Amino acid sequence: MPNNEPSYDFIREIVANDLKTGKHKFIRTRFPPEPNGYLHIGHAKSICLNFGITSQFNGQCNLRFDDTNPSKEEVEYVESIKEDVRWLGFDWGDREYYASDYFDRLYEFAINLIKKGKAYVCSLSAEKIREYRGTLTEPGKDSPYRERSVEENLDLFLRMKAGEFQDGEHVLRAKIDMASSNINMRDPTLYRIKHVPHHRTGNKWCIYPMYDFTHCLSDAIETITHSICTLEFENNRPLYDWVLDTLETECHPQQIEFARLNLNYTVLSKRRLIQLVEEGHVTGWDDPRMPTISGIRRRGYTPESIRNFCDRIGVAKRDSIVDMELLEFSIREDLNRSAHRFMAVLDPLKVVIVNYPEGQVEELEAINNPEDESMGKRMVPFSREIFIERDDFREDPPKKFFRLYPGGEVRLRYAYYITCREVIRDKNTGEIVELRCTYDPETRGGWSKDKRKVKGTIHWVSKAHSVPAQVRLYDRLFTVPNPLDKKDGKDFKDYLNSTSLEVLTHCRVEPDLKKLRPGSNCQFERQGYFCVDMKDSEADLPVFNRTVTLRDSWAKIEKKAKK
RNA sequence: UGGGGCGUCGUCAAGCGGUAAGACACAGGAUUUUGGUUCCUGCAUUCGGAGGUUCGAAUCCUCCCGCCCCAGCCA
């Protein structure tokens with residue numbers, strides 16, 4: 001049976017079915033980041049999933065900060081997270097929640113659990129608790145404090161909250177089963193003492209709830225219908241259900257796990273990213289080489305391209321490593337149809353057109369975006385002395401090289417055909433410093449009446465009219481597809497790409513490029529997509545970040561020839 | 001040799017008992033004033049392996065193999 005319907009991923013299938021059977025009339029999800037670092041492209045997958053599903057099925061997605069560990073969390077992170085989610089194009093309305101807003105209710109739930117005889121205060125040290133927990137193959141042992149009376153537990157827990165104890169003296173534990181084959185069920189810790197001020201609740205609390213206790217109850221409080229998380233929480237699902245079942249909450253969301261995103265040539269874990277930042281391997285969370293949302297944004301990626309990327313990678317349960325090229329495809333696709341084209345010479349080589357009248361300047365018409373006529377045209381100044389890309393000239397051209405070489409003719413985009421007549425070198429170094437060329441006045445605009453074949457077209461800028469610019473060429477952060485694949489004791493940082501950033505300081509670009517606003521995208525013809533750096537660009541010296549190169553089939557041919 | 005998951009093209013990923021979608025990548029070719037874009041064409045006789053059930057299996061059953069997750073008072 002041919003089926004032309006676009007297929008849902010397994011989560012959307014569940015949601016659609018719940019709607020169809022009437023299990024739910026309204027879908028509510030949540031995106032629950034812990035504010036202990038910046039969001040990365042892996043979070044984008046989760047954001048697109050959670051917000052995407054609810055917009056598709058007319059539901060709502062809450063933004064909830066899972067802020068139960070004050071020793072790792074900071075307001076800087078909550079601000080950046082909000083900015084990133086918004087930038088990606090999603091709106092949580094007024095539903096900005098914090099697990100810490102539920103601390104009072106969570107505390108009541110804990111009291112309730114104690115009263116039901118389902119939780120107890122354990123006074124074993126952390127090390128002892130670990131010992132008593134058993135191992136993967138051996139069952140654990142009951143804590144000697146497991147049978148404390150409800151009254152004693154209530155009293156102790158109250159005093160924990162009141163600050164009568166030091167960190168680590170007691171914890172509140174669920175009373176489940178120390179012999180469970182699921183280690184998460186061996187009387188997991190629910191509350192710990194931490195005399196640490198919280199970024200939102202200040203000094204109000206010195207006991208903080210653990211994830212397993214907080215998350216399910218926060219979901220229930222917010223009447224979440226589908227609690228979507230990553231695979232590693234699969235083992236926690238029985239505990240998620242146990243807490244809600246035992247407390248008999250009115251709402252019992254369904255936890256569903258999917259495989260987190262992995263991308264080759266980079267790392268996607270906050271722990272490692274924070275390491276790169278703190279140890280100075282990158283300039284910050286928003287370094288354009290970082291896979292963080294802020295890094296990608298500064299690199300020049302568009303929200304649209306990220307969303308398309310997330311659609312393309314799909315949602316499933318199997319661990320996978322997505323090819324970076326898919327991300328690059330997504331941004332090329334978006335920028336190809338939207339980016340304004342310009343000419344920019346990254347590594348300038350001076351060309352004097354000897355038969356062009358000295359002092360003459362022409363304004364030549366150039367198309368702003370061949371994919372979008374509505375973006376119009378612009379005038380580009382042309383004169384006797386211009387710059388071309390050093391790499392577009394070869395004294396000894398390889399096969400199939402159809403750019404400029406001695407005696408060869410090439411088209412200057414939107415300008416004229418020129419022929420190279422003479423190569424000028426530096427007397428001392430031998431370096432080529434200038435090319436003497438002649439132009440054909442009959443080819444204005446780049447056309448010839450005699451239909452003579454000129455296969456190559458190169459970009460250029462007028463020496464006198466172009467403006468200087470700095471260009472930053474970014475490459476992948478790591479040299480190997482999987483930096484975590486630690487053979488012979490190597491650390492992921494051993495695979496850092498030492499040439500992931502190349503700064504070009506002598507570039508010359510079209511004068512109009514000076515007018516671009518920070519953050520704007522554009523294409524440097526024949527080279528790639530670039531954006532004006534949001535932090536370092538200045539009116540006198542614009543700074544451009546290379547978002548991604550254009551596909552380059554010449555580079556492939558050359559590479560093949562070398563082999 | 002405890003438990004929970006997962007194995008379909010180089011990379012993602014559909015497939016839900018009726019005879020292997022799609023995308024990226026790759027390889028050819030056409031068009032092109034970006035060696036860009038666009039457009040054609042090709043790219044899994046086979047679904048981790050072996051048995052079995054069935055007229056028919058990637059889909060059901062059995063066994064085996066491989067990979068991931070869990071022993072935080074992290075999330």
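Everything quoted here is computed from the prediction, not taken from an experiment.
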Any idea which of B/G2, B/U34, B/G35 is nearest the A/S181 side chain?
B/G2
Does A/I183 or A/N69 map to a spot on RNA chain B nearer the 5' end, using the closest nucleotide for each?
A/I183
Pairing check on B/G7: which nucleotide meets the Watson-Crick or G-U wobble criteria with it, both distances under 3.5 Å?
B/C65
For nucleotides B/C47 and B/G7, find the distance between their P atoms and express it as a whole number of Å.
15 Å
The side chain of A/R551 is closest to which nucleotide in this list: B/U34, B/C73, B/G36?
B/G36
Is there a Watson-Crick or G-U wobble partner for B/U1 with both distances under 3.5 Å, and which nucleotide is it?
none
What does A/I129 touch in the nucleic acid at a heavy-atom separation under 4.0 angstrom: a base, only the sugar-phosphate, or nothing?
base
Measure from the side chain of A/P370, starting at C-beta and using heavy atoms only, and say which of B/C68, B/G36, B/A75 lies closest.
B/G36
Could you give the distance separating B/G10 and B/U45 at their P atoms, to the nearest angstrom?
10 Å
Closest listed nucleotide, where the reference is the side chain of A/E13 and the choices are B/C70, B/C16, B/G28:
B/C16
Pairwise distance CH2(A/W460) to OH(A/Y416) - rounded to 0.5 angstrom:
9.5 Å
d(CD1, A/I193; P, B/C74) in whole Å:
12 Å
May I ask you to say what A/E328 touches in the nucleic acid, namely base, sugar-phosphate or nothing, with a heavy-atom cut-off under 4.0 Å?
nothing
Salt-bridged, A/R341 to A/E525, with N to O below 4.0 Å?
no
Atom OH of A/Y240 and atom C1' of B/G4 are separated, to the nearest Å, by 18 Å
Determine the contact category for A/L124: base if any of its heavy atoms lies under 4.0 Å from a base atom, sugar-phosphate if only primed atoms, P, OP1 or OP2 are that close, otherwise nothing.
base
A/R260 side chain near B/C6 phosphate (N/O to OP1/OP2, under 4.0 Å):
no
Compare the minimum distances between each of B/C73, B/A75, B/C69 and the side chain of A/N235, then state the nucleotide with the smallest one.
B/C69
Is the distance from OP1 or OP2 of B/C26 to the nearest side-chain N or O of A/K556 less than 4.0 Å?
yes
Determine whether any donor atom in the side chain of A/R337 lies under 3.5 Å from an acceptor atom in the base of B/U37, or the reverse, and answer yes or no.
no
Of B/C24, B/G36, B/C74, the nucleotide closest to the side chain of A/E325 is B/C24
Quote, to the nearest angstrom, the P distance that separates B/U11 from B/C68.
16 Å
Given the side-chain rings of A/F213 and A/Y191, with only the six-membered ring counted for Trp, is the space between their centroids under 6.0 Å?
yes
Centre-to-centre under 6.0 Å for A/F233 and A/Y211, is that the case here?
yes
If I pick the C1' atom on B/U59 and the same atom on B/G15, what distance separates them, to the nearest angstrom?
8 Å
Nearest-angstrom distance, C1' atom, B/G66 to B/G35
44 Å
Regarding A/R312, tell me which of base, sugar-phosphate or nothing describes its non-hydrogen contacts under 4.0 Å with the strands shown.
sugar-phosphate
Find out whether the Lys NZ or Arg CZ of A/R272 is both under 6.0 angstrom from the six-membered ring centre of A/F492 and within 45° of the ring's axis.
yes
Which part of the nucleic acid, if any, lies within contact of A/K400, taking any heavy atom under 4.0 Å across all strands shown: a base, the sugar-phosphate backbone alone, or nothing?
base
Look through every strand shown and name the nucleotide pairing with B/U54 as Watson-Crick or G-U wobble, where both distances are under 3.5 Å.
none
So what does A/R403 touch, heavy atoms closer than 4.0 Å: a base, only the sugar-phosphate, or nothing?
base
Distance test, side-chain N/O of A/S320 to OP1/OP2 of B/U11, below 4.0 Å:
no
B/A14, B/A75, B/G35: which one has an atom nearest the side-chain heavy atoms of A/E232?
B/A75
When we call it a touch if two heavy atoms are under 4.0 Å apart, what does A/M210 touch: a base, just sugar-phosphate, or nothing?
sugar-phosphate
Using a cut-off of less than 4.0 Å, is there contact between a side-chain N or O of A/R133 and OP1 or OP2 of B/G72?
yes
Checking contacts here: which listed nucleotide (B/G2, B/G72, B/C74) is nearest the side-chain heavy atoms of A/K194?
B/C74
Contact under 4.0 Å: A/R318 side-chain N or O vs B/G66 OP1/OP2:
no
Between B/U38 and B/C61 - P atom distance, rounded Å:
44 Å
In this structure, NZ of A/K560 is separated from CD1 of A/I557 (nearest 0.5 Å) by 7.5 Å
Nearest-neighbour nucleotide for the A/A316 side chain, B/C16, B/A14, B/C73 considered
B/A14
5'-most contact on RNA chain B: A/R332 or A/G314, nearest heavy atom basis?
A/G314
When you check the phosphate oxygens OP1 and OP2 of B/U34, does a side-chain N or O of A/R341 lie under 4.0 Å from one of them?
no
The nucleotide from B/A75, B/U11, B/U34 with an atom nearest the side chain of A/D323 is B/U11
Would one find a side-chain N or O of A/T68 under 4.0 angstrom from OP1 or OP2 of B/A75?
yes
